[in-house]
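Step one of this worksheet: look at the structure below.
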Amino acid sequence: MTQCRRLERLQAIREEHAGVFWPAPCDNPENCHAYGRLAEWFVRQVGQVDCLVGCAGSGGSLCGTAAILREIFPDLVVLAVDTPRVCSSAIRPESGCCAGLVTRFCPECGPPPG
């Protein structure tokens, strides 16, 4: 199922069930602020954090956690990991179907092979 189809299905569910909440992580500029406590937990558990590796996704968890950690560790290295073929799923940034990090890291995505 493509991202656009997922969003269409989500919209149908939201219309069918009044009062359903969806945080819209790809379009919610406040999404990253939800991860400050996770960053604090990392510091309490491991102390010095030199590198943070996370999934690309909407960018909220990785960017939110990294922003707080960089206040403490300015030389922090952040690596975003993408799953196989996600970037080649033919989603174009201008389509509006996915506003997350995938479209920012891979603006030249082409159609899937085969």
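Positions are given from 1 along the sequence.
Residues F73 and G47 approach most closely at CZ-O, 3.5 Å, considering heavy atoms. Closest non-hydrogen pair, H17 versus V20, comes out as O-CG2, 2.9 Å. For the pair F42 and L69, the tightest heavy-atom approach, listed with the atom from each and the gap, is CD1-CD1, 4.2 Å. Closest non-hydrogen pair, A66 versus L52, comes out as N-CD2, 3.8 Å.
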For this session: Would you sort out whether L10 and W22 count as a side chain to side chain contact (heavy atoms under 4.5 Å, CB included), showing the intermediate values?
Result: CA-CA 9 Å; L10 173 63; W22 177 53; 3.2 Å; yes
Exercise. Hey, mind stepping through L62 and C55 against side chain to side chain contact (heavy atoms under 4.5 Å, CB included) and telling me if it holds?
Worked result: CA-CA 7 Å; L62 183 60; C55 65; over 6 Å; no
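No continuous path of hydrophobic side-chain contacts links L38 to I68 [ILVMFWY only; heavy atoms under 4.5 Å]. A single hydrophobic cluster is seen to contain both V43 and L76, as judged by linkage of ILVMFWY side chains at heavy-atom distances under 4.5 Å, directly or through other members.
Atoms CZ and CZ, from R44 and R37 in turn, are 7.5 Å apart once rounded to the nearest 0.5 Å. Note that CG of D75 is 8.5 Å distant from CD of Q48, once rounded to the nearest 0.5 Å.
Residues V53 and C51 form a side-chain contact, since some pair of their non-hydrogen atoms from C-beta on lies under 4.5 Å apart.
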